[in-house]
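Reviewing the structure listed below.
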Amino acid sequence: DHLKRYDDAEAAYRKAIELDETDSTPWTNLGNLLQYHLKRYDEAEAAYRKAIELDETFPTPWNGLGNLLQDHLKRYDDAEAAYRKAIELDETFPTPWNGLGNLLQDHLKRYDDAEAAYRKAIELDGNDPYGLCNLARLQAQRAQREPATANFRLALAHTEPDDDHLRLQANLWLGNRDAALQALGALAGHAADGDADAFHRLREQCWECDQIGLGPALAELMQSSPWADFLQPFTLALLAAASGEAPVGAAPEFLSLAGEVLDEIRARRIRP
């Protein structure tokens, strides 16, 4: 997570597996590496399922599997089942409640259930900025500006150094342009260096910010960023979403990615 030497990390996890084939933890860590950094999603699923086979009482691989099924494999019913299994195994584990909330809000359109899931995550860990930020986003979608603003402020107070995507969205909502620009620069820099999770977070911020009326503001921020050239496909998608027209005026490979991001934005535009 810190040195970004992902090939070495994979070798280390596989060596741990070789030394003890009954230990589920390195299989779980390998699944996380394959999902979040190496984008080898089928292998990630196999790693999580091996961890589950080795220890049926361990909730963490079920949560990782839920994230994988939701974010990358688009198997939403299976994702819900995975999150609920993690919750069943450890009702005090806040992370799957937050992932379940994302799934219910962004894909299954069960907004009351999503709010309940976020509130459960916050109840279990009030210092976790993810539950706070996601509840704020749902409240913003529902035009509940004051609660959304309060929860975005709370989320900022609890962010960790690598939570650039959360700081970007919260600061943009709160009108803290310089702080939002700094967070965007950090996120874009990691993505440009090949961090697959940061790249995924950039795409995610396009449709999440569009959901709460911040699409044009994010596009303007991207155009002002030192990373403006790298961010051009995202900017094109946001501007096309705002105008209702197709992305234009860029190289074919930029237009292809812009089209994919635009499709994601439009797919999540149903309001609660």
Side-chain angles (χ1 to χ4, degrees), residues 1 6 9-10 12-14 16-135 137-138 160 162-163 165-166 196-197 200-201 204 208:
D1 288 343
Y6 301 128
E10 181 177 2
Y13 290 139
R14 293 195 183 279
I17 289 165
E18 178 186 326
L19 292 171
D20 184 355
E21 296 181 357
T22 68
D23 186 358
S24 66
T25 300
W27 280 107
T28 301
N29 292 336
L30 178 61
N32 291 339
L33 177 71
L34 293 165
Q35 174 179 189
Y36 298 121
H37 300 296
L38 299 181
K39 297 195 288 187
R40 288 154 51 190
Y41 301 126
D42 290 342
E43 291 179 62
E45 180 176 5
Y48 289 133
R49 293 197 182 278
K50 183 63 177 180
I52 290 163
E53 175 189 325
L54 290 169
D55 185 353
E56 295 180 354
T57 68
F58 190 27
T60 303
W62 282 107
N63 180 70
L65 181 61
N67 292 339
L68 177 71
L69 293 166
Q70 175 179 191
D71 293 339
H72 302 295
L73 301 183
K74 315 302 182 188
R75 288 156 47 192
Y76 301 128
D77 291 342
D78 291 343
E80 181 173 4
Y83 288 132
R84 293 197 183 278
K85 184 63 177 180
I87 290 165
E88 176 190 326
L89 291 169
D90 184 354
E91 294 181 357
T92 69
F93 186 18
T95 307
W97 282 107
N98 187 60
L100 178 61
N102 287 155
L103 179 71
L104 294 167
Q105 177 182 359
D106 297 324
H107 302 293
L108 301 182
K109 313 303 181 188
R110 289 155 50 190
Y111 301 110
D112 290 341
D113 290 343
E115 180 170 350
Y118 293 142
R119 290 192 182 279
K120 185 64 177 181
I122 294 165
E123 175 191 326
L124 292 168
D125 184 359
N127 295 323
D128 182 359
Y130 282 83
L132 290 163
C133 216
N134 282 314
L135 177 59
R137 178 168 60 91
L138 180 59
E160 298 291 337
D162 59 350
D163 291 334
H165 58 299
L166 301 184
D197 188 52
H200 169 73
R201 294 298 188 183
E204 180 181 70
E208 286 195 357

Of all the heavy-atom pairs spanning [X] and [Y], show the shortest one and how long it is.
X      : Y      : answer
Glu45  : Leu69  : OE2-CD2, 4.5 Å
Leu34  : Ala47  : CD1-CB, 4.4 Å
Thr60  : Thr28  : CG2-CG2, 3.9 Å
Glu91  : Trp97  : O-NE1, 3.9 Å
Ala79  : Gly66  : CB-O, 3.7 Å
Leu132 : Gly126 : CD1-O, 3.8 Å

Straight-line distance of [X] [atom1] to [Y] [atom2], nearest 0.5 Å:
X      : Y      : atom1 : atom2 : result
Lys109 : Leu103 : NZ    : CG    : 10.5 Å
Ile17  : Leu30  : CD1   : CG    : 5.0 Å
Leu100 : Asp113 : CG    : CG    : 8.0 Å
Leu54  : Asp20  : CG    : CG    : 9.0 Å
Leu166 : Arg201 : CG    : CZ    : 7.0 Å
Leu138 : Glu115 : CG    : CD    : 5.5 Å

- [ ] Evaluate the ring planes of His107 and Tyr76, with Trp represented by its six-membered ring, and classify them as parallel (under 30°), tilted (30 to 60°) or perpendicular (over 60°).
- [x] parallel

Task: Asn102 side chain to Tyr130 side chain, donor-acceptor N/O pair below 3.5 angstrom - done: no

- [ ] Go through Arg137 and Asp106 one step at a time and tell me if the salt bridge (Lys or Arg N to Asp or Glu O under 4.0 Å) criterion holds.
- [x] CA-CA 11 Å; Arg137 178 168 60 91; Asp106 297 324; 2.9 Å; yes

Task: ring-ring contact (aromatic ring centres under 6.0 Å, His included) involving Tyr118 - partner list, sequence neighbours excluded - done: none

Task: With Asp23 via salt bridge (charged side-chain N to carboxylate O under 4.0 Å, His left out) - residues at least two apart - done: none

Open item on the list: Quick check against the 3.5 Å criterion: does Gln35 have a side-chain atom that pairs as donor or acceptor with the backbone of Ala44?
Closed with: no

